[in-house]
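Report on the following structure.
Keep in mind that this is a model prediction, so the values were computed, not measured. First listed ligand is number 1; within each ligand, the first listed atom is number 1.
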Amino acid sequence: MRIDVFTLFPAMFRGPLDESILKRAQEQGYLQVEIHNIRDYAEGKHRITDEPPYGGGGGMIMKVEPIVRAVESVLGDDLGQIPVILLTPQGRLFNQEVARRLAGYERLALICGRYEGVDERVRQLVVTDEISIGDYVLTGGELPAMVVIDAVTRLIPGVLGARWAPDDDSHATGLLEYPHYTRPSEFRGLRVPDVLLSGDHGRIARWRREQAIRRTWERRPDLLASAPLTDEERAMIARWDAGETSSETDGE
Ligand code: 9D3
């Protein structure tokens, strides 16, 4: 996949893209990220990229010409075939389903909003989708663009290695993860649950499943409505809802 990023702060992308899985995905040819400085497409002695809004109101607005010139010159004839995504607080909320959809494209373009936002004509001329990563206020679209790149890249077949199926992870099963442990088996008096040392893979799988459901019930009950659960599992949740304590269900 090739991702073209349009930003006023290209240096922000260096660190995250040059480490770990994103770095390896680029080295191995699964991912190509091209960072474009919108300022390079601004004209005039001062290469101005933002101006105060018509009608007043304070703050600054990103000018239309540099952004449209940048996107048109990089995408060329492919404009119209490639999703051009504006990162903005006004966008649709990003989630795993959106990540999976975007991972199906061979190319994406991401425009990072800054200041109070972009001139509305950017939307009319080049933007096909708008994404927000959540209901909190950031300083611009750069960190959100990195979030999108990260979430999409790990879904590209081969990036996580053949042994790892990304659909095993929590937001794909619809549940939070069960508790994980590794050596040592005891640390400061805290023991790893015996079941995990038992070697009984059937029991381990049942314990993990129940823990995942329990954790989701405690922390993210909203996820349970759409999680794929058996009738038996729904009955177990109903007992928890009815006020049964965990000590009553923990003992075997
Ligand atoms: C007073 C109205 N503000 C909107 C909440 C103005 C405003 C604040 C922050 C306009 C832009 C920004 C910068 N944020 C982004 O560009 C942004 C963002 C975010 O702030 N939260 C979650 N996702 C995103 S994607 C882009």
Side-chain angles (χ1 to χ4, degrees), residues 1-17 19 21-22 31 33-42 47-72 74-75 79 82-105 107-156 170-171 219-220 222-223:
M1 170 179 288
R2 170 172 166 169
I3 305 179
D4 289 286
V5 179
F6 299 89
T7 174
L8 288 173
F9 299 96
M12 285 183 71
F13 289 83
R14 293 305 163 205
L17 291 172
E19 297 283 353
I21 291 170
L22 296 184
L31 174 70
V33 182
E34 301 293 338
I35 309 291
H36 309 281
N37 190 342
I38 293 168
R39 197 147 204 264
D40 293 342
Y41 298 85
R47 297 193 172 274
I48 292 169
T49 57
D50 60 292
E51 304 234 41
Y54 277 121
M60 297 294 268
I61 303 299
M62 288 173 77
K63 289 169 65 60
V64 60
E65 307 100 302
I67 298 176
V68 168
R69 205 180 289 127
V71 172
E72 285 180 343
V74 170
L75 270 51
L79 185 71
I82 301 170
V84 177
I85 300 162
L86 176 66
L87 285 309
T88 163
Q90 300 175 45
R92 299 275 296 272
L93 276 187
F94 189 61
N95 61 21
Q96 193 63 20
E97 183 189 333
V98 174
R100 273 194 296 268
R101 180 172 64 78
L102 296 181
Y105 289 96
R107 259 186 99 168
L108 297 174
L110 305 178
I111 302 173
C112 305
R114 272 275 151 179
Y115 316 120
E116 294 312 298
V118 302
D119 186 301
E120 191 63 22
R121 292 165 292 188
V122 170
R123 293 185 165 84
Q124 297 169 254
L125 291 169
V126 295
V127 170
T128 64
D129 297 272
E130 302 184 34
I131 288 177
S132 160
I133 63 162
D135 294 335
Y136 37 81
V137 182
L138 302 172
T139 57
E142 282 77 11
L143 289 169
M146 287 181 244
V147 166
V148 170
I149 293 169
D150 193 282
V152 168
T153 299
R154 64 183 291 290
L155 295 177
I156 299 172
S170 71
H171 285 280
R219 302 183 185 192
R220 290 293 307 278
D222 58 299
L223 296 179

Practice task
Can you establish whether the number of heavy atoms outside R107 located under 6.0 Å from its atom CZ is more than 12?
Solution key: yes
Practice task
Work out whether the distance between some heavy atom of G117 and some atom of ligand 1 is less than 4.0 Å.
Solution key: no
Practice task
Can you confirm whether something in the protein, heavy atoms only, sits under 4.0 Å from atom 25 (S) of ligand 1?
Solution key: yes
Exercise for the section: State if Y115 counts as touching ligand 1 under the rule of any non-hydrogen atom under 4.0 Å. Expected result: yes
Handout entry: Charged N-O contact under 4.0 Å between R100 and E97
Key = no
Practice task
Report the C-alpha distance between L22 and V33 in whole Å, list the side-chain angles of each, state the deciding distance to 0.1 Å, and finish with yes or no for side-chain contact (heavy atoms from CB on, under 4.5 Å).
Solution key: CA-CA 10 Å; L22 296 184; V33 182; over 6 Å; no
Handout entry: atom 6 (C) of ligand 1 touched by protein (heavy atom, under 4.0 Å)
Key = yes
Fill in the blank from the handout: From the list L17, I149, L87, side chain to side chain contact (heavy atoms under 4.5 Å, CB included) partner of V5 resolves to I149
Practice task
Name the option, out of V137, I85, I133, that contains the heavy atom nearest to atom 8 (C) of ligand 1.
Solution key: V137
Practice task
Consider only side-chain N and O atoms of E130 and T88, and report whether a donor and an acceptor are under 3.5 Å apart.
Solution key: no
Practice task
Answer yes or no for L143: is there a heavy-atom contact with ligand 1 below 4.0 Å?
Solution key: no
Fill in the blank from the handout: Nearest heavy-atom contact between L86 and G113 is CD1-N, 4.4 Å
Handout entry: Y136 N/O to ligand 1 N/O under 3.5 Å
Key = yes
